[in-house]
**Student:** 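My questions will all concern the structure given below.
Note that these values count all heavy atoms, side chains included, but never hydrogens, waters or copies made by symmetry.
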Amino acid sequence: MLFYSSVFGQKKIDLIICSEGIYETKCVYDEDDKEGEKSFLRFYPNGKVLSVGTECDATVTDLKIWLNLEMENKSIGDYKIKRRRIKFLTTSSIGTVNYRGRITKSGILKLKMKSLINGYRSTEEYHFVKVEGLK
């Protein structure tokens with residue numbers, strides 16, 4: 001399902017966000033190149049967003065069953081969109097992560113992330129993957 005988001009009093013709908021899939025980053029390897037991780041985001045039409053980080057071998061198909069609003073120990077927040085800018089915080093039992101960035105015309109999310117847990121910062125590109133049978 002595609003949905004249109006218009007916030008902050010905008011008169012025209014100028015952005016498409018898809019909720020029938022999951023956005024994922026490419027794998028980022030540690031300095032020793034033996035282990036790595038990637039991140040996933042799932043957006044909902046009601047303004048909620050979930051985030052999760054996993055090992056590189058995880059796929060959106062692996063996540064489709066448990067990455068949902070009912071999952072335990074979730075990292076969840078509310079996103080805001082203004083024009084092509086997006087911002088949100090996700091909070092889990094261990095702390096909060098701040099995301100800010102933009103949505104390209106091709107739908108890629110280019111986000112700067114700052115962990116309020118340990119101060120880690122990064123810039124990532126999230127690409128959308130359509131997923132059938134999301135819960």
Side-chain angles (χ1 to χ4, degrees):
M1 170 170 111
L2 290 179
F3 70 91
Y4 295 89
S5 179
S6 179
V7 294
F8 302 116
Q10 288 175 273
K11 291 185 180 177
K12 68 175 190 167
I13 297 170
D14 62 358
L15 191 61
I16 299 174
I17 298 292
C18 189
S19 63
E20 288 197 351
I22 298 171
Y23 290 82
E24 72 175 322
T25 65
K26 292 183 179 179
C27 185
V28 177
Y29 288 96
D30 295 335
E31 291 178 16
D32 62 10
D33 286 334
K34 293 183 180 175
E35 292 187 23
E37 74 173 44
K38 60 183 173 178
S39 299
F40 298 88
L41 297 171
R42 181 169 177 199
F43 294 90
Y44 288 85
N46 66 0
K48 296 290 184 196
V49 59
L50 297 175
S51 67
V52 67
T54 69
E55 294 180 359
C56 288
D57 58 352
T59 67
V60 293
T61 303
D62 297 331
L63 300 178
K64 83 176 194 177
I65 293 173
W66 64 268
L67 184 59
N68 61 66
L69 293 172
E70 289 84 38
M71 69 185 267
E72 293 183 25
N73 303 316
K74 61 184 161 270
S75 185
I76 189 169
D78 296 297
Y79 65 93
K80 302 285 186 206
I81 298 171
K82 185 174 183 180
R83 294 182 187 85
R84 294 201 170 274
R85 309 299 292 170
I86 185 168
K87 63 181 178 178
F88 54 94
L89 302 173
T90 58
T91 302
S92 69
S93 61
I94 60 171
T96 300
V97 178
N98 184 10
Y99 296 85
R100 292 183 177 274
R102 65 185 181 89
I103 306 166
T104 68
K105 289 182 180 181
S106 60
I108 296 169
L109 303 180
K110 293 189 175 190
L111 301 176
K112 292 181 180 180
M113 181 275 294
K114 179 182 179 187
S115 171
L116 303 179
I117 302 162
N118 60 15
Y120 177 77
R121 294 174 184 257
S122 71
T123 301
E124 300 288 343
E125 284 189 2
Y126 288 81
H127 297 263
F128 179 76
V129 179
K130 184 172 176 65
V131 180
E132 299 292 332
L134 282 176
K135 182 177 175 184

**Student:** Return the minimal non-hydrogen interatomic distance between L41 and I22, and the atom names on each side.
**Tutor:**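 For L41 versus I22, the nearest heavy atoms are O-CG2, 3.4 Å.
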
**Student:** Supply the atom-to-atom distance T104 OG1 to K110 NZ, rounded to the nearest 0.5 angstrom.
**Tutor:** 6.5 Å

**Student:** Work out which heavy atom in I94 is nearest to a heavy atom in I117; give both atom names and the distance.
**Tutor:** O-CG1, 3.7 Å

**Student:** Got a sec, which pairs hit side chain to side chain donor-acceptor pair (under 3.5 Å) with one end in residues 62-73, sequence neighbours left out?
**Tutor:**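 Those involving residues 62-73 are T59-D62.
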
**Student:** To check you understand the geometry: which heavy-atom pair defines the closest contact between K38 and K26, and what is its length?
**Tutor:**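 Of all heavy-atom pairs spanning K38 and K26, the closest is CB-O, 3.7 Å.
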
**Student:** In terms of ring plane angle, is the pair Y79 and F43 parallel, tilted or perpendicular, where the classes change at 30° and 60°?
**Tutor:**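 The rings of Y79 and F43 stand perpendicular, inter-plane angle above 60°.
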
**Student:** Just how far is it from atom OG1 of T90 to atom CD1 of I76, taken to the nearest 0.5 Å?
**Tutor:**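 So the gap between those two atoms works out to 9.5 Å.
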
**Student:** Atom CD in E124, atom OG in S39: separation rounded to 0.5 Å?
**Tutor:**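 E124 CD to S39 OG: 6.0 Å, rounded to 0.5 Å.
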
**Student:** Hey, what do you get for CZ (R100) to CZ (F88), rounding to the nearest 0.5 Å?
**Tutor:**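 Reported value, rounded in 0.5 Å steps: 11.0 Å.
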
**Student:** Which heavy atom of K48 sits nearest to which heavy atom of L69, and what is that distance?
**Tutor:** CB-CD2, 4.3 Å

**Student:** With side-chain contact (heavy atoms from CB on, under 4.5 Å) as the test, would you mind laying out the steps for L111 and M113 before giving the verdict?
**Tutor:** CA-CA 6 Å; L111 301 176; M113 181 275 294; 5.9 Å; no

**Student:** Indicate whether the side chain of S75 and that of S92 have a donor and an acceptor atom separated by less than 3.5 Å.
**Tutor:**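 No, no side-chain donor-acceptor contact under 3.5 Å.
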
**Student:** Just how far is it from atom OG of S51 to atom OH of Y23, taken to the nearest 0.5 Å?
**Tutor:** 15.0 Å

**Student:** For C56 and E37, work out which heavy atoms get closest and say how close.
**Tutor:** SG-N, 3.4 Å

**Student:** Please report the interatomic distance CG(L67) to NZ(K74), rounded to the nearest 0.5 Å.
**Tutor:** 10.5 Å

